There are 2 protein chains.
Amino acid sequence: MSVHTTTDHTPRPNSLYDIGMTSDTNPIVSLVEFTYKKSVEIFGENVPAEYVYQVKKGAVRTYKLLSDGRRQIAAFHLPGDIFGLENGATYRSTAEAIIETTVLLIKRQSLETVAESDAVVIRSLLTATTKSLQHVENHLLLLGRKDAVEKVAAFLLEMDERLSGAGSVTLPMSRRDIADYLGLSLETVSRLLSQLRRAGALDFVGTTHRELKLLDRKQLLAFNLRD
Amino acid sequence: MSVHTTTDHTPRPNSLYDIGMTSDTNPIVSLVEFTYKKSVEIFGENVPAEYVYQVKKGAVRTYKLLSDGRRQIAAFHLPGDIFGLENGATYRSTAEAIIETTVLLIKRQSLETVAESDAVVIRSLLTATTKSLQHVENHLLLLGRKDAVEKVAAFLLEMDERLSGAGSVTLPMSRRDIADYLGLSLETVSRLLSQLRRAGALDFVGTTHRELKLLDRKQLLAFNLRD
DNA sequence: CGGGGGCTTGAGGCCACTCAACGATAGTGG
DNA sequence: CCACTATCGTTGAGTGGCCTCAAGCCCCCG
């Protein structure tokens, strides 16, 4: 698979601004753009954390595995999202491109160097980390205490908000991905989507069944007004 | 409320050093010690985040609620742990003392002031936030993909590690708290503890059934070697 | 000593699971 | 271009793990 030697990437003149980590007093730090094909691993769990990433185009899943193959997806990363931000020496999850995905990446070390002399950069890192923490804490409530319909409804609303906000969503991920994100089986996800369609809450548009139209946001929200 | 305002640079029980947020160049920031009785709220969800806390003695739960009363405990905070660390304007969870609990607290604003001129302090905040994130990410896997026995075994090992490490644990929290932490019903928690006792993995010591002795760590670990 | 909260245990039920079959779609190579 | 295959999604049947409801015990505390 793709190895992150610097020669693998085509360096482009970019400022830290792109990753939301810039300040006036900073030297410019070089960013690299790289594209991963569908299902390709970006980094593995417990390997040295060399880079920090930002999604430019596409979608990424980060997950943990149990030894028997059970998988929990912690987050989907969509354009604009930063991932791979670590404080320790290694990544704590595996990251994979869900579809063809272009990322910006920056050597963690160079970020650390800049950060030492620039509190603004550390603060940006802190902000990004806190944002992750917030998302994950909400997800705890979903996984621990919501039933299947509530989970799926919450997922649809989250994706609509993050992908379009217009009620028209093209999901990059499979039913299995959704299931592993929501702590359900893929059959249950499929069944509940069909059920919501029958109830008039949504409709399938294309042939792939990944293009959705949210018809009745109120109905979906009803499952989430509970928090 | 006993107020301790430190007036010199000498490290003392109540210096910033205790909360891991200090540097040589810093002005001293005043800490306050406060004690909460059992079941008393320390801060509520969505109220302005004025303070950052560190547990000195006792135990704290932070949780989110659904409107119908379902509760998900995100974390138990034990002596040494920092909680209430926010980036936004308000707390994202409710915090309550589980038993009589003494905390150190510091005005968030004074921390921010110091942080502006001191990258070391921000970095400490970042480290503390990352630590929370790590814990919560592991908990996602537990909630989403582990079965009831695995959850309870993981809980016992976590508490043993954090409370003693010696195989002898006095739990500060009730069965209901444990259940709301693990995404189970309290009856299931009780049943599984009994089951593990019958299997010889642990034993109840006192009359309250909150003092546990872990007899067969291997057996408990077997449920967790799966990750 | 009476009351209440916490813990345990049993009985029964339901929600989401597994196993299975099938249709549709996209990708591949002849 | 088309058969072939792998992958994905849907749906049904049946099961089981964990839930709810309920009763009872013990301990603490007023």
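The chains referred to below are lettered A, B, ... by the order of the sequence lines, with proteins before strands, and numbering in each begins at 1. Because the structure is predicted, anything quoted here is derived from the model rather than measured.
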Within the structure provided, determine whether A/Glu158 and A/His135 are in side-chain contact (heavy-atom separation under 4.5 Å). yes

Report the distance from atom CD1 of A/Ile99 to atom C1' of C/dA26, rounded to the nearest whole Å. 16 Å

Does the C/dT18 base have a donor-acceptor partner in the side chain of A/Arg191 within less than 3.5 Å? yes

Is the distance from OP1 or OP2 of C/dA16 to the nearest side-chain N or O of A/Thr188 less than 4.0 Å? no

Sugar-phosphate only, base, or nothing, as touched by B/Ser194 at under 4.0 Å among non-hydrogen atoms: sugar-phosphate

Using a strict 4.0 Å threshold on nitrogen-to-oxygen distance, state whether B/Asp81 and B/Arg162 make a salt bridge. yes

Between D/dG9 (P) and A/Gln195 (CD): distance, integer Å: 18 Å

May I have the distance from B/Lys146 (atom NZ) to C/dA16 (atom P), rounded to whole angstrom? 22 Å

Whether A/Arg217 and A/Asp160 form a salt bridge (side-chain N of Lys/Arg under 4.0 Å from carboxylate O of Asp/Glu) is what I want to check. yes

To the nearest angstrom, the CZ-C1' distance between A/Arg145 and D/dT20 comes to 13 Å

NA contact type, B/Leu186, heavy-atom cut-off 4.0 Å: base, sugar-phosphate, or nothing? base

Write down the distance between CD (B/Glu187) and P (C/dG6), rounded to a whole number of angstrom. 14 Å

Considering heavy-atom distances to DNA chain C, does B/Arg175 or A/Val149 have its closest nucleotide positioned more toward the 5' end? B/Arg175

Which is more 5' along DNA chain D, the nucleotide nearest B/Leu192 or the one nearest A/Arg198? Just name the residue. A/Arg198

Side-chain atoms of A/Ser185 come closest, of C/dC17, C/dC7, D/dG9, to C/dC17

Round to the nearest Å and state the distance from B/Glu150 atom CD to D/dG17 atom P. 13 Å

Side-chain donor/acceptor of A/Thr94 to backbone N/O of A/Glu45, under 3.5 Å: yes

Which nucleotide in the set C/dT9, D/dC18, D/dT11 lies at the smallest distance from any side-chain heavy atom of B/Arg197? C/dT9

Result for 5'-nearest mapping on DNA chain C, choosing between A/Gly183 and B/Lys38, is B/Lys38

Could you tell me whether the side chain of A/Thr101 and the main chain of A/Ala59 form a donor-acceptor pair under 3.5 Å? yes

Among the candidates C/dC17, C/dT8, C/dC7, find the nucleotide nearest to the side-chain atoms of B/Arg210. C/dC7

I want to verify a distance call: between C/dC7, D/dC8, D/dC27, whose nearest atom is closest to the B/Thr207 side chain? D/dC27

Would you mind reading off the distance between B/Phe204 atom CZ and D/dC25 atom P, rounded to a whole angstrom? 19 Å

Whole-Å distance separating the CD1 atom of A/Ile178 from the P atom of D/dC8: 12 Å

For a quick test of reading the model: is some side-chain N or O of B/His209 closer than 4.0 Å to OP1 or OP2 of C/dT8? yes

